[in-house]
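So the structure is just underneath, and the comments pick up after that.
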Amino acid sequence: MAHALDIDQLRTFLAIAELGSFTKAADAVNKTQSAVSMQMKRLEDRVERPIFVKDGRQSRLTEDGHRLIEFAQRMIRLNDETMTAFAEPSIVGRVRLGLPDDYAERLLPQVLAAFARLNPAIEIAVQCQGSTVTGDMIERGDLDLAIVTSGDCVKVQGEVIRREPLHWVAPANMCIHTEDVVRLALGPTSCAWRAQAVSLLDRINRRHVISYTSSSAAALIGAVQAGLAVAVLPESAVRSGMRILSESDGFPMLPPCDITMIRAAAATDPVHDALCCHIRAAIGNVAAELMAAE
C-alpha cells in the first residue's frame with residue numbers, strides 16, 4: 001500500500017475514538033458532521049480496511065480501527081513535535097481548571113486526552129476541590145475555568161453542560177441498606193445532594209443517620225466499598241462492586257445532577273475559549289437530550 005496518510009484525517013479519527021461519537025468529534029475539531037464522515041470514508045479508502053461499523057444508529061470501531069489508534073497517535077505526536085520545532089503554535093498558554101474529584105476521575109481524562117492532542121501548546125493546571133470552594137476560587141480569579149455541581153456554587157453563574165442521574169449507592173455484596181436506621185455517607189452541609197437526600201428520606205419517614213461526612217467523592221466511595229454507609233453519587237462516579245438502590249429498595253428517586261461550567265471574569269483569552277468549547281464537546285450532553293426530546 002503506497003498511499004500517504006493524512007494527518008488531519010488521523011486527528012479527526014482520534015477525536016472520534018476518544019470522544020465516542022462523530023457529533024462530539026465534529027465539535028472538537030471544528031468541522032461539520034458531514035465533513036467528518038467524508039474524512040473517515042477517505043481514511044478507510046487509504047488504509048483499505050473498514051475502521052467503523054454501524055451499530056444501530058451509532059458507529060463503533062472495528063478491530064482494524066482499534067489497531068489504527070496507536071499508529072495515529074504516534075504519527076500525530078511526531079507531526080506536532082516537528083511543527084512545534086519549526087513554528088510558533090497559533091494558540092499558546094496556560095489554563096487553570098478546577099473541579100471536584102467526583103468528576104475528575106471519570107470525566108477529566110476524557111476531556112484532557114483529546115484536548116492535549118488537538119492543542120499541544122496549551123498547558124492545563126488542574127485543582128480538585130469541592131464545588132463551593134472551586135466557585136469561590138473562580139470568583140477571586142484564582143482559577144480560570146471550572147466544572148461544578150449546580151446548586152453547590154451559587155456565587156458564579158455558569159452554563160449547564162451535562163445532566164446525569166443521581167443515585168443511592170450501596171455495596172453490592174452487603175445489605176446495609178436494609179437496616180432499620182440507614183447509615184449515610186454524604187457531603188458537607190453546603191452540599192445540595194445532601195440536602196436533597198435528607199429531605200426525601202424525611203418525607204417518607206425512612207430513619208437515617210449521617211455517619212460519614214466528606215467533601216471528597218473518593219472518601220464517600222471508600223465508605224460505600226467498606227460497607228460503612230449508603231452514599232449519593234452521580235452516575236459517572238458509580239463503580240463496579242456497587243449496587244444502585246431504587247424505590248423497590250425503599251429509596252425515593254433523586255433529582256438529576258446538573259453539571260455546570262463556570263468561567264472567571266478575566267478568562268477571555270483564546271486558550272480559555274478553546275478549552276470551553278472542548279469541554280462542551282467532550283462531556284456535554286444537555287443539548288443532545290433537548291434535541292432528542294424535540
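All residue numbers in this chain count up from 1 along the given sequence. If you're wondering where the values come from, they're calculated on a predicted model, not measured in any experiment.
Heavy atoms from other residues, nucleotides or ligands lying under 6.0 Å from CE of M174 number more than 12. Residue-environment remark: CZ (R67) stays at or below the threshold of 12 foreign heavy atoms within 6.0 Å.
A donor-acceptor pair is defined here as one N or O able to donate and one able to accept, closer than 3.5 Å; no such pair exists between the side chain of N119 and the backbone of I122. Judged by distance alone, with hydrogens and angles left aside, the side-chain atoms of S131 form a donor-acceptor pair with the main-chain N or O of T149 at under 3.5 Å. Judged by distance alone, with hydrogens and angles left aside, the side-chain atoms of D101 form no donor-acceptor pair with the main-chain N or O of C128 at under 3.5 Å. The closest donor-acceptor contact from the side chain of D249 to the backbone of S246 lies under 3.5 Å. Put simply, the side chain of H272 gets close to the backbone of D269: a donor and an acceptor are under 3.5 Å apart. No donor-acceptor pair closer than 3.5 Å links the side chain of S199 to the backbone N or O of Q196. Without hydrogens or angle criteria, T62 side chain to P50 main chain gives a donor-acceptor distance under 3.5 Å.
Between H177 and F251, the ring planes are tilted. Angles from 30° to 60° get that label.
Atom CZ in R163 sits 8.5 Å away from atom OG in S150 (nearest 0.5 Å). Between the SG atom in C276 and the CE atom in M261 there is a gap of 4.5 Å [rounded to 0.5 Å]. Note that CE of M242 and CG of L233 are 6.0 Å apart. Values are rounded to the nearest 0.5 Å. Here the straight-line distance linking atom OG of S59 with atom CZ of F22 works out to 4.5 Å at 0.5 Å rounding. How far NE2 of H278 is from CG of L19: 5.5 Å, rounded to the nearest 0.5 Å. To the nearest 0.5 Å, atoms CZ (R11) and CD1 (I76) are separated by 5.0 Å.
With hydrophobic clusters built from ILVMFWY side chains whose heavy atoms lie under 4.5 angstrom apart, V182 shares a cluster with I176. Hydrophobic cluster membership is shared by L5 and L61, with clusters built from Ile, Leu, Val, Met, Phe, Trp and Tyr side chains linked at under 4.5 angstrom. Connection of L68 to V36 is established within a shared hydrophobic cluster, with ILVMFWY side chains joined at heavy-atom distances below 4.5 Å, either directly or through further cluster members. With hydrophobic clusters built from ILVMFWY side chains whose heavy atoms lie under 4.5 angstrom apart, V126 shares a cluster with F115. Tracing side-chain contacts under 4.5 Å through hydrophobic residues (I, L, V, M, F, W, Y), one never reaches V224 starting from L220; they form parts of separate clusters.
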Side chain to side chain contact (heavy atoms under 4.5 Å, CB included) between I161 and T260, worked out
CA-CA 6 Å; I161 58 170; T260 299; over 6 Å; no

Let me see the working for I69 and L14 under side chain to side chain contact (heavy atoms under 4.5 Å, CB included), right down to the final yes or no.
CA-CA 7 Å; I69 290 176; L14 280 188; 4.0 Å; yes

Could you give me the CA-CA distance, side-chain angles and deciding distance for L186 and C191, then say whether side chain to side chain contact (heavy atoms under 4.5 Å, CB included) is met?
CA-CA 8 Å; L186 300 173; C191 176; over 6 Å; no

Quick one: do I244 and E235 satisfy side chain to side chain contact (heavy atoms under 4.5 Å, CB included)? Show the steps, please.
CA-CA 9 Å; I244 294 174; E235 190 169 67; 5.6 Å; no

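F52 places a side-chain heavy atom less than 4.5 Å from the side chain of I16. The closest side-chain heavy-atom distance from I147 to I279 is below 4.5 Å. Side-chain contact between F13 and Q39: absent, with no pair of heavy atoms (C-beta onward) separated by less than 4.5 Å. Considering only heavy atoms from C-beta on, L145 stays 4.5 Å or farther from I262 through its side chain. Taking the side chain as every heavy atom from C-beta outward, I7 and M75 approach each other to under 4.5 Å. In this structure the side chain of M137 never reaches within 4.5 angstrom of the side chain of R96, judged on heavy atoms. V271 has its side chain out of reach of L275: every pair of non-hydrogen atoms, C-beta onward, lies at least 4.5 Å apart. Looking at heavy atoms from C-beta onward, Q225 lies in side-chain contact with I221 at the 4.5 angstrom threshold.
Nearest approach of P188 to S215, heavy atoms of both residues: CD-CA, 3.8 Å. The two residues G187 and T213 come nearest to each other via the heavy atoms O-CG2, 3.6 Å. The two atoms that bring P234 and C257 nearest to each other are CB-SG, 4.4 Å, heavy atoms only. Residues L254 and A197 share a closest heavy-atom pair of CD2-CA, 4.2 Å. Of all non-hydrogen atoms in L143 and G98, the two that sit nearest each other are CD1-CA, 3.8 Å. The two residues T23 and Q33 have their closest heavy-atom pair at OG1-OE1, 3.2 Å.
For the residue pair Q129 and T134, no side-chain donor N or O sits within less than 3.5 Å of a side-chain acceptor on the partner. Between the side chains of S34 and T32, at least one donor N or O sits under 3.5 Å from an acceptor N or O.
Under 4.0 Å is where a charged nitrogen must lie from a carboxylate oxygen, and between R94 and D144 no such pair does. Comment: D273 engages R263 in a salt bridge, judged by a side-chain N to carboxylate O separation of less than 4.0 angstrom. Electrostatic pairing of R183 and E179 counts as a salt bridge here, judged by a charged N lying under 4.0 Å from a carboxylate O. Ion pairing of E164 with R162 is present here, as a side-chain N (NZ or NE/NH1/NH2) and a carboxylate O approach within less than 4.0 Å.
Residues passing the ring-ring contact (aromatic ring centres under 6.0 Å, His included) test with Y212, sequence neighbours excluded: none. In this structure, the salt bridge (Lys or Arg N to Asp or Glu O under 4.0 Å) partners of R140, at least two apart in sequence or on a different chain, are D142. Taking E159 as the reference, R280 meet the salt bridge (Lys or Arg N to Asp or Glu O under 4.0 Å) condition, with sequence neighbours excluded. For R194, the salt bridge (Lys or Arg N to Asp or Glu O under 4.0 Å) criterion is met by no residue, not counting sequence neighbours.
For the salt bridge (charged side-chain N to carboxylate O under 4.0 Å, His left out) condition, the pairs that include at least one residue of residues 16-41, sequence neighbours left out, are D8-K31, E18-R117, K41-D45.
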Identify each donor-acceptor pair in which a side-chain atom of residues 165-172 lies under 3.5 Å from a protein atom, sequence neighbours left out, and give them as a table.
| unit_1 | atom_1 | unit_2 | atom_2 | d |
| --- | --- | --- | --- | --- |
| W168 | NE1 | P252 | O | 2.7 |

